[in-house]
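First the proteins, then the strands, lettered A, B, ... as listed; each starts at 1. All values below were derived from every heavy atom in this structure, side-chain atoms included, with hydrogens, water molecules and symmetry-related copies excluded.
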Amino acid sequence: MSSTAAVEIRGLHKTYRRRGRLRTAVDRLDLAVPQGGVHGFLGPNGAGKTTTIRMLLGLVRADSGRMRIFDAEVPRELPRVIDRVGAIVEQPRFFPTFTGRKNLQLLASAIGVPRARVDAVLDEVGLGDRGRDRFRGYSLGMKQRLAVAGTLLKDPDLLIFDEPTNGLDPAGIHEIRETMRGLADRGKTVLVSSHILAEVQQVADTVSIIGNGALLAEGTVASLLAGAGATGPTARVWVQQGERAAGLLRDAGFVVRPQPDRALLVSRPDRPLDPSEITRTLAGHGLYLSELSPQRADLESVFLGLTAHTGPSAQHHAGRGTGGTGHPPPPGDQPRHGVDPHAGGPR
Amino acid sequence: MIRLVGAELDRLRARRSFWVFALAALLIVVAFQTATNSTLRPPTAEQVASQREAYEQTHREWEQQCGPGSPGAAETTPAGDASAEPSSGPDDPDDYCANVPEPQLSDFAYGQQSFADAARSSVQISTLLGALLAFLIGASSIGAEYASGAIGNWLTYVPRRGRVFAAKALAVALATAVVSAVLSAAAVAGPALLARGYDLPLTGLGDVSALAGRSVGLIAMAGLLGFCAALLTKHTVAAVGIALGYAIATSVSSGVLAFSKHAEKVVPWTPQANFQAVLEHDYSYQVIDGTGFGEGSESRTAVLTFEHGLVYSLVLLAAVLAVSLLVFRRRDVG
């Protein structure tokens with residue numbers, strides 16, 4: 001495995017037995033997180049994100065597979081690199097009857113960090129004046145901030161945030177985003193898992209998308225969006241005489257995809273789309289638009305496209321990636337368009 | 001490791017329940033000294049007069065039955081002869097006087113207890129309370145971590161589970177040992193101060209102090225057992241349930257074994273008997289030979305030695321700790 005990635009996972013597998021039935025939580029997952037920048041670890045609820053993170057941190061035992069953090073085999077060598085890792089796994093868990101400050105002081109004592117650092121990180125996350133309040137009295141946003149403060153106690157090189165925006169209001173979500181971006185800009189590696197793809201798209205440099213415990217796609221955000229099933233921008237068009245309009249546009253060289261609501265998604269296979277061409281083409285035949293709106297590809301549409309083929313075929317693609325295109329690689333020895341650990345970095 | 005233990009002790013010290021339990025136990029031990037006071041106090045003038053009146057009444061009755069010139073005078077048993085056969089009753093004056101010695105004033109003594117006896121009772125009470133308290137402290141310290149989920153957060157900072165386990169166990173043992181030392185000291189100091197106040201000699205102070213010392217060890221052990229029970233069940237309440245179940249089982253088995261000829265085989269392997277053997281420095285129990293009831297049965301005393309109790313207790317503790325460590329290392333968290 002490469003020694004330049006912050007996190008590397010190969011063939012990770014984990015099953016649980018529930019009511020006598022075996023359920024696969026993580027299915028031979030391969031993952032690489034480049035050093036520096038924000039790496040989004042995306043997938044729907046139940047995809048295996050939190051289980052993967054727990055296995056990385058030694059909280060859950062993997063059935064098989066290998067994991068490395070900063071070139072240390074984990075969980076066996078996790079104590080060697082734990083000082084370089086800070087993590088928040090799901091909900092922030094502290095002692096509810098202790099104050100925020102007391103909770104961090106206990107952690108600081110356990111890991112050998114000076115107690116003065118506690119006040120510094122509390123100020124950094126904006127909890128300086130609330131440090132003497134009991135944890136159970138904190139709002140959800142404050143609890144998240146305290147958890148972030150905890151991860152900053154030891155000034156780690158890798159921060160792992162698992163669903164950090166769960167339950168937060170827009171201001172809190174914005175704050176978390178800014179925190180992650182700020183950390184990445186300081187040269188840290190931030191691994192953030194989320195099922196809210198649109199949120200992560202705003203901050204991530206690279207992403208891995210998993211579904212049913214298996215890797216579906218990985219790459220830079222730009223490459224995933226570029227391979228989202230279209231060669232260029234798309235426009236959504238609504239015309240009264242939709243079928244006639246579709247025919248006219250196809251004759252003019254456009255790619256037209258009718259939608260269930262009778263709208264048309266129009267794109268150009270050969271050159272960037274100019275919406276005025278659509279207007280001119282249809283108006284020349286007496287057809288006038290009721291709607292014309294440019295459509296931008298996003299991670300959500302990428303993911304929906306990837307998981308459209310659920311079931312055994314999607315399981316077949318697991319672990320080998322889809323080259324960022326959302327489609328299985330063609331037969332033969334096609335290289336996967338994966339993440340280059342050497343190319344990571346802030347946008 | 002020292003750092004970890006320090007953090008765990010800090011956490012225990014900061015828990016409100018720790019202080020509530022400790023203070024409650026201390027108050028009970030102190031309150032128990034009122035009972036100790038009543039046993040150490042010399043009899044009042046009223047009590048002395050009452051004693052004498054009871055003696056004189058009983059002696060008069062005895063003289064009527066068995067005194068010189070009475071019908072049973074020839075068969076009178078000398079005073080203090082304990083070898084007499086059980087009396088068949090006053091209906092038969094010959095047998096009655098043969099078996100009942102002349103009453104003495106000392107038979108009606110108020111019974112001012114010695115310092116050693118009073119202190120032993122006090123230490124036994126404090127041991128029982130302290131063990132209960134320590135079990136609760138140990139159980140709640142880890143139970144709270146599982147209940148809040150903080151254990152998962154803790155392990156992301158300190159992933160070496162063996163060290164985490166050892167630090168938590170050691171902190172519980174140290175904290176409960178300190179609390180039990182305070183309780184035991186109060187349990188000995190109370191009777192000592194009272195005895196001094198009544199000009200009683202502190203005979204047996206060394207033995208009582210040794211008893212208190214063994215009490216501290218047993219209480220710390222109870223703390224560790226509570227810690228392990230809550231770690232295995234991940235619940236403070238479940239751990240308390242285990243303790244309650246054990247207490248009930250012990251009560252029932254004690255009653256059954258009291259009349260069983262199998263007591264000698266079973267009792268040496270029960271935790272309760274072995275803990276008693278450690279505390280009391282040898283534990284005596286009754287064994288029934290024969291059918292166990294009525295004629296043909298005999299009761300004799302068997303002894304479970306301190307050494308047996310100590311080895312048993314240490315092996316039991318080591319086994320429970322080993323199982324708990326194994327489970328903690330392998331268990332998925334979160």
Side-chain angles (χ1 to χ4, degrees), chain A residues 14 16 25 50-51 53-63 69 74-83 85-99 101-113 115 134-136 143 146-147 150-151 153-154 156 159-160 162, chain B residues 1-21 137 140-172 174-175 230 234 236 325-334:
Chain A
K14 175 69 178 177
Y16 287 105
T50 300
T51 303
I53 288 173
R54 285 204 174 112
M55 285 189 281
L56 260 180
L57 296 170
L59 297 176
V60 169
R61 296 171 74 90
D63 293 343
I69 296 179
V74 296
R76 186 169 50 86
E77 295 180 323
L78 184 60
R80 185 160 70 82
V81 293
I82 196 63
D83 287 345
V85 179
I88 305 172
V89 184
E90 283 193 310
Q91 295 281 345
R93 309 278 189 182
F94 290 94
F95 298 105
T97 56
F98 291 167
T99 64
R101 178 173 278 107
K102 185 64 180 177
N103 271 290
L104 293 189
Q105 283 174 345
L106 289 172
L107 288 172
S109 293
I111 62 177
V113 166
R115 288 207 166 186
R134 292 185 198 276
F135 178 75
R136 66 181 171 201
K143 289 177 180 176
L146 187 70
T151 63
L153 275 175
K154 41 189 175 174
L159 291 112
I160 301 175
D162 182 27
Chain B
M1 183 67 179
I2 293 176
R3 203 171 58 206
L4 267 182
V5 175
E8 293 293 343
L9 282 172
D10 191 16
R11 186 173 71 84
L12 272 177
R13 186 189 53 78
R15 285 173 58 79
R16 189 165 46 189
S17 58
F18 174 82
W19 295 105
V20 168
F21 291 152
I137 288 175
S140 65
S141 71
I142 189 70
E145 283 199 81
Y146 277 103
S148 64
I151 184 68
N153 194 36
W154 192 262
L155 290 174
T156 64
Y157 287 80
V158 192
R160 282 197 167 107
R161 295 202 188 189
R163 284 195 181 188
V164 169
F165 179 90
K168 290 181 185 296
L170 198 51
V172 165
L174 287 172
K234 296 194 284 185
T236 304
L325 173 61
L326 189 67
V327 168
F328 185 67
R329 283 175 66 100
R330 295 190 62 86
R331 175 185 276 162
D332 289 346
V333 175

Given a strict heavy-atom distance threshold of 4.5 Å, which part of F135(A) is in contact with chain B: side chain, backbone, both, or neither?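 Neither part.
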Using non-hydrogen atoms only, which part of I82(A) is less than 4.5 Å away from chain B: side chain, backbone, both, or neither?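 I82(A) touches chain B through side-chain heavy atoms alone.
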Given a strict heavy-atom distance threshold of 4.5 Å, which part of R16(B) is in contact with chain A: side chain, backbone, both, or neither?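 The answer is the side chain of R16(B).
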Interchain contact, R163(B) with chain A, by part (heavy-atom threshold 4.5 Å):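 Interface part for R163(B): neither.
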Show the nearest heavy-atom pair for residues A110(A) and L4(B), with the distance to one decimal.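 Of all heavy-atom pairs spanning A110(A) and L4(B), the closest is CB-CD2, 3.9 Å.
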What heavy-atom pair brings L107(A) and N153(B) nearest, and what distance separates the two atoms?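 Minimum heavy-atom separation between L107(A) and N153(B): CD1-ND2, 4.2 Å.
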Rounded to the nearest 0.5 Å, how far apart are [atom1] of [X] and [atom2] of [Y]?
| X | Y | atom1 | atom2 | result |
| --- | --- | --- | --- | --- |
| R15(B) | F98(A) | CZ | CZ | 6.5 Å |
| R161(B) | L59(A) | CZ | CG | 6.5 Å |
| E145(B) | R93(A) | CD | CZ | 13.0 Å |
| T156(B) | L78(A) | OG1 | CG | 9.5 Å |

Looking at G6(B), A14(B), G152(B), which one has more heavy-atom pairs under 4.5 Å with chain A than the rest?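 Among G6(B), A14(B), G152(B), the one with the most close pairs to chain A is A14(B).
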Ignoring hydrogens and angles, tell me if any N or O in the side chain of R54(A) forms a donor-acceptor pair with the backbone of D332(B) under 3.5 Å.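 Judged by distance alone, no pair lies under 3.5 Å.
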Is there a donor-acceptor contact under 3.5 Å from the side chain of Y157(B) to the main chain of A87(A)?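 Pair absent, no side-chain N/O of Y157(B) close to backbone of A87(A).
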